[in-house]
There are 2 protein chains.
Amino acid sequence: MSAEDERPDLAAMLHPLVRELIAVELPILADHGVSMWGYSVLTALDGTPVRTQAALAEAIGADKTRIIATLDELQDAGLITRIPDPDDRRVRLLSITPKGTRIRRAVRSDIRTREDQLLSALPAADRRAFIRILRTLHERG
Amino acid sequence: MSAEDERPDLAAMLHPLVRELIAVELPILADHGVSMWGYSVLTALDGTPVRTQAALAEAIGADKTRIIATLDELQDAGLITRIPDPDDRRVRLLSITPKGTRIRRAVRSDIRTREDQLLSALPAADRRAFIRILRTLHERG
DNA sequence: TATTGTTATACTCTATAACTATA
DNA sequence: TATAGTTATAGAGTATAACAATA
């Protein structure tokens, strides 16, 4: 049996990494006053408005019932707009506001700084390869 | 702003990957009659007995109260032994049984097959690099 | 009747704290 | 008194189903 066969399962390696990343992100998000789901929504809306809440929910891998409280908070904080479509008043047209864009990008910048620290355990070439491969896997999904 | 700066956050790429892996693993685990935590315990015990339940819990990133039901199930199914240490009857000596070892390795083999399918979207060199880098990050933790 | 968004309910997971038995 | 294991309780997060408004 080769050493490769003895490696931990992918999930056993990836899951702790995700937990570590979440632990790193939570205080950053708290500093900027947004939740994890809120940041996820802002990220999805930055650059591309979305026509229905259900479509937004699917885009970020959530249930449509799960993001309603999040949208309420973001709207109350002035980070998104949520206006009924005049053509079909059942649907809500969702957009990020300038303030929402500012916050989203500030959060992303802080997260990127911490990610770089975390990846600094790797040689530069591996760092680049890891991100490139991860993007391939992500875009494939 | 370069394309690299526009990449999704690490967590945004890794989290869906973990969810996909879990979705792939759950039916495999069900086929073999073990839970995710059960498999995690069997993996930790395969090759190295553990002296206390608290140590085992910490090794797999769980709370000591969270694995008790799992240990009950594994013991009832004959996959582990849990015997009081004669030298200190508060502690339970935990070991995997031959049956537990068989099941653990069968599960791992099935999971590996599905992981390979998932990674088949990558060129062979990237596949090897991804796993190698992941192991570095994992062992660093 | 079908669809969008919303609310309500129940269920699962997890964390915290109390309890027991040994030391 | 301190520690290993256990049990009980409460809380957060999630999923399902029912509901209201609009088409």
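Convention: sequence-line order gives letters A, B, ...; per-chain numbering from 1.
Arg19(A) places its CZ atom 16 Å from the P atom of dG13(D), with the value rounded to the nearest Å. To the nearest angstrom, P of dT14(D) lies 11 Å from CE of Met36(A). Rounded to whole angstrom, the span from the CG atom of Asp87(A) across to the C1' atom of dT4(C) amounts to 15 Å. As a whole-Å value, the separation of Asp63(A) CG from dG5(C) C1' is 12 Å. Going from atom CD1 of Ile67(B) over to atom P of dA15(C) covers 13 Å, rounded to whole Å.
Note on Val50(A): it clusters hydrophobically with Leu42(A), by side-chain heavy-atom contacts below 4.5 Å among ILVMFWY residues. Linking ILVMFWY residues whenever their side-chain heavy atoms come closer than 4.5 Å, directly or via other members, leaves Leu79(A) and Ile68(A) in distinct clusters.
The side chain of Arg66(B) lies closest to dA15(C) when the candidates are dA15(C), dT16(D), dA23(C).
Side-chain contact between Thr43(B) and Val107(B) is absent, with no heavy-atom pair separated by less than 4.5 Å.
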Q: Check the pair Asp85(B), Arg90(B) against salt bridge (charged side-chain N to carboxylate O under 4.0 Å, His left out), reporting the backbone distance first and the verdict last.
A: CA-CA 7 Å; Asp85(B) 182 347; Arg90(B) 291 175 303 183; over 6 Å; no
Q) Glu20(A) and Arg140(B): salt bridge (charged side-chain N to carboxylate O under 4.0 Å, His left out), yes or no, with the steps? A) CA-CA 12 Å; Glu20(A) 188 178 354; Arg140(B) 156 214 58 117; 3.1 Å; yes
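An OP1 or OP2 oxygen of dT14(D) is reached within less than 4.0 angstrom by a side-chain nitrogen or oxygen of Trp37(A).
Salt bridge status for Asp46(B) with Arg108(B): absent, with no side-chain N to carboxylate O gap under 4.0 Å.
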Provide a list of protein-nucleic acid N or O atom pairs under 3.5 angstrom, restricted to nucleotides 2-8 of chain D.
from   : atom 1 : to       : atom 2 : distance (Å)
dT3(D) : O2     : Arg90(B) : NH1    : 2.9
dG5(D) : OP1    : Gln53(B) : N      : 2.8
dG5(D) : OP1    : Arg92(B) : N      : 3.2
dG5(D) : OP2    : Gln53(B) : N      : 3.0
dG5(D) : OP2    : Ala54(B) : N      : 3.0
dG5(D) : N7     : Lys64(B) : NZ     : 3.1
dT6(D) : OP1    : Arg82(B) : NH1    : 3.3
dT6(D) : OP2    : Gln53(B) : OE1    : 3.2
dT6(D) : OP2    : Gln53(B) : NE2    : 2.5
dT6(D) : OP2    : Arg82(B) : NH1    : 3.3

